[in-house]
Amino acid sequence: MSPHDDQSTTLFGNGDELPSNHSGNPHINQLINPGLARRQVVAGGAAIGAMAFLGIGLSTRVEADEPLDALQERLKGQPFKRNRLPFAPVAVTRADTITVPAGFKAKPFIPWGTPLTGSYPAFAEDAGNSAQDQAEQLGMHHDGMHFFPIDSQSGKGKRSDHGLLVLNHEYIDAQLLHPNGPTTVAGKRTIADEVRKEINAHGVSVVEIRRDKRGDWAVVPSPRNRRITAATPMTIAGPARGNALMKTRHSKSGTRARGTQNNCSNGHTPWGTYLTCEENWAGYFASQDSEQPREHSRYGIRKTSRYGWETLAGDEFQRFDASRHGTDASEDYRNEPNQFGWIVEIDPFDPQSVPVKRTALGRFAHEGLVFAPVKPGKRLVCYSGDDAQNEYIYKYVSRDKYQRGKAKNYLLDKGTLYVARFDADGTGTWLALDFADPAFQAACAVAGVSFADQGEVLINTRLAADIVGATKMDRPEWGAVNPDTGDVYFTLTNNSSRTTSDAANPRSPNPYGHIIRWREASKDFAGNRFAWDIFLLGGTQDDSRDPRGRTLNDSNIFASPDGLWFDDEGRLWIQTDMSGGQLGSGPFGNNQMLVADPKSGEVKRFLVGPVGCEVTGISQTPDFKTLFVNIQHPDDGSTWPDGPGKRPRSATVIISREDGRRLL
Ligand code: FEO
Ligand code: CA
Ligand code: CA
Ligand code: CA
C-alpha cells in the first residue's frame with residue numbers, strides 16, 4: 001500500500017511498513033555467492049525467457065547457465081511472428097492526467113462516491129455524504145480488481161459486454177473523506193457517524209456494468225450491486241475456525257467475524273468467486289497491554305491505531321481495542337486482530353452470500369493470491385506474498401483434487417501451506433508449515449517453539465515461517481503465472497531496510513525493486529522444489545537490468561513494481577507504486593504501467609497515471625477490447641479525475657483502442 005502519508009504513526013515516511021521480522025533467517029542477498037551468482041542470474045534470466053520463446057522446457061540448471069552472448073548468437077535468425085507490443089512507449093511525465101500511447105484512450109469510471117446500491121445517493125462534492133450514503137456508494141482507494149463475465153457464475157464466462165466488476169478499497173484518506181478531515185478531541189475520535197463512514201469506505205464493491213454498442217460502459221442498477229465493508233458479517237473457515245485464539249466477545253465460538261480491511265491485491269477462483277486480501281490490517285488496532293502475545297507482536301500491533309476508531313465508545317468501535325479488559329477472551333477483543341490477515345472469499349453473484357475467511361491460506365500481510373494453471377484431477381496450487389520488509393512468499397497446495405462441477409470451496413480449507421527458501425545455486429525449496437509434518441515438528445523443537453494445533457500455526461504463520469528457515473524478501477507484492485510456460489513471477493517492490501549487498505543485487509538498500517520468477521520442478525506445481533532467477537531489475541538508465549541483460553532506457557525506466565498480471569497471450573503487465581521522494585522528485589515521473597514480453601525480453605511503458613497516484617489493479621474483458629485499471633489515491637495537488645477545484649478521487653480507468661479493436 002502507499003503512500004501511507006496519513007498513516008505516519010505506524011509507517012516510515014517513505015511508505016514502507018516498519019519491519020517486524022526479527023528472526024535470524026538469512027536474507028536472500030546473503031544466500032547468493034558473490035562472483036558465481038551474477039553470471040548465473042543474468043544468463044539464467046535471459047535463457048529461461050529465450051527457451052520459453054523457442055518452446056524448449058527448462059529441464060536442468062545447466063541450460064539456464066548458458067552464457068548470454070552464446071545464447072544471443074544461437075537465437076539470431078529466430079523470427080518473431082508479429083510485434084507483440086505494437087505501440088509507441090509513452091514518456092515519463094508529471095502531467096495530472098492518464099497518459100496512454102497514440103491510438104488508445106483512457107476514461108475514468110466509478111470513482112469513490114459513485115452511487116451503487118440502496119437509495120443510490122449522489123456524491124456530494126464537499127464530501128458531506130453520511131456514513132449510510134457511503135455504505136451505498138463506491139468505497140475509497142481502489143486496488144485489486146477482477147471482471148467476472150455475467151455468464152461466469154460457475155467458472156469461465158465469455159460475455160465481454162456485461163459483467164460484474166469487483167474491486168477492493170484498500171484504505172482511506174480521512175482528510176478527503178470528510179468535508180474538513182476527521183474530528184479529534186484530545187487524541188480521541190468523538191463523532192460516531194464519521195468513524196462509521198470511514199469503516200464503510202473500506203472493503204469491496206461488486207458493480208454490475210454493461211458496455212453499449214459504442215463501447216461505453218455504465219453501471220447497471222442491479223440487485224447484484226453490493227458493498228462489503230469493514231463491518232460486514234463474515235464467517236471463519238479452515239483450521240483456525242473455532243480456535244481459542246479466534247474467540248471474542250462478539251463470537252464466543254471463534255467462528256464469526258466483522259468486516260474485512262486494508263484489502264490490497266486480489267485473486268479469483270476457477271469456480272467464479274472473488275478473493276480479497278487483507279494487507280496492512282495491524283494498524284487498525286491498538287493495545288495498551290505491556291506485553292504483547294506473539295500473534296500480535298510479530299504483526300506489529302502497537303499502542304496507537306492509524307485512525308483511532310477504538311477511542312469511541314460502543315462495541316462496534318471497541319472491537320478495535322485489542323487490550324485485555326476482561327477475565328478471558330470472551331469478555332473483550334484481545335483476539336480481534338487474529339480475525340484479520342486472511343484471504344476472504346466472496347461470491348459476487350449472490351448478494352446474500354456471507355464472505356468467508358479462508359484460514360488455511362495463512363495469516364500475514366496478504367498482497368494477493370494467484371493460481372497455478374487449474375486442471376481437473378490435479379490439486380489446486382496458489383501463491384501469496386507477505387508485503388512487509390523482509391517477509392516471505394508462500395504457496396498453498398490443496399489436499400484434494402479439483403473436479404469440474406463439484407462443490408469446490410472446501411479446496412481452500414484443507415491443504416498445506418508452504419513458505420519459500422531461495423538457495424544460492426538458483427534452486428529453491430517449499431517448506432511445509434504443517435503441524436503434522438515431522439520436519440516442521442523438528443524445526444519447532446530446535447527453535448523451542450510450540451503450537452497447540454494447526455489453527456495456532458496458521459494464526460502465527462510468520463513465526464512458523466521463521467522457524468523453518470524461509471528466505472527474507474524485499475517486500476513481495478503481486479504474483480502472476482505465465483500462461484505459456486507456467487513460470488511464476490513476483491514483484492519485490494523495494495526494501496529500505498536491507499543492509500547487506502551482494503553481486504546479484506548490489507543495492508543496499510534496494511530503492512528500485514525487482515521481479516523474481518521461478519519454475520516448479522513438478523509438472524503439477526505441487527512439489528517442493530523449484531528453479532528461480534531474476535527477470536528484471538527496476539531502476540534508472542544507469543542502475544537496472546532488463547530481461548535481455550541490458551539496462552533500462554527512457555522508454556521503460558521504472559521503480560517500485562507492485563501490480564503484476566499476465567494477459568491471455570503471455571504479456572506481463574507491471575504497475576508501479578513509488579512513494580515519498582522517489583515519486584515526488586525522482587527521475588521516474590508519476591506512477592506508471594509497463595508491458596513486458598518474456599518471449600522477446602522487450603519492456604515498454606504503456607501508461608502514466610495522474611499526480612501522486614499509485615497504479616494498481618487490472619483486469620480485462622474476454623475479447624480484450626476493454627482493459628480495467630485502477631488509479632489509487634491521486635494526491636499532492638492532483639484534481640484528477642474531475643478537474644480544477646475538485647477533490648481528487650480514486651477511480652477505475654477504462655482503456656480501449658480508438659478504433660475499437662483488441663487492445664494488443
Ligand atoms: Fe497494498 Fe503491498 O500494497
Ligand atoms: Ca495501494
Ligand atoms: Ca505497494
Ligand atoms: Ca500493492
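Atom set for the values below is all heavy atoms of this structure, side chains included, hydrogens, waters and symmetry mates excluded. Counting convention: from 1, in listed order, for ligands and their atoms alike.
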Short side-chain donor-acceptor distance under 3.5 Å, Thr616 and Asp562: no
query: Within less than 2.8 Å of atom 2 (Fe) of ligand 1, any N, O or S from Asp577?
result: no
task: Examine all N, O or S atoms of Asp562, backbone included, and report whether one is under 3.0 Å from the Ca ion (ligand 4).
output: yes
- request: Please find the N/O/S atom of Glu367 nearest to atom 2 (Fe) of ligand 1 and write down its name.
  value: OE1
CA sep, side-chain torsions, deciding dist, call: Glu295, Arg363, salt bridge (Lys or Arg N to Asp or Glu O under 4.0 Å): CA-CA 10 Å; Glu295 64 273 13; Arg363 176 173 177 256; over 6 Å; no
message: Please give the atom name: the N, O or S atom of Glu477 nearest to atom 2 (Fe) of ligand 1.
response: OE1
statement: For Glu345, the side chain to side chain donor-acceptor pair (under 3.5 Å) test, sequence neighbours excluded, returns Trp271, Thr273, Arg358
task: State whether Glu367 contributes an N/O/S atom found under 3.0 Å from the Ca ion (ligand 4).
output: yes
field: Modelled atom types, side-chain donor and acceptor of Asn21 and Arg298, under 3.5 Å
entry: yes
- prompt: Which N, O or S atom name in Glu170 marks its closest approach to atom 1 (Fe) of ligand 1?
  reply: OE2
Shortest-distance N/O/S atom, Glu477 versus the Ca ion (ligand 4): OE1
- request: For a side chain to side chain donor-acceptor pair (under 3.5 Å) with Tyr392, tell me which candidate from Asp466, Thr471, Asp386, Thr461 qualifies.
  value: Asp466
task: Considering just N/O/S atoms, say which atom of Asp387 is closest to atom 2 (Fe) of ligand 1.
output: OD2
task: Please state whether the rings of Phe340 and Phe285 are parallel, tilted or perpendicular, taking 30° and 60° as the class boundaries.
output: tilted
field: Electrostatic pair Asp597-Arg571, nearest N-O below 4.0 angstrom
entry: no
task: Tell me whether Glu279 has at least one N, O or S atom under 2.8 Å from atom 2 (Fe) of ligand 1.
output: yes
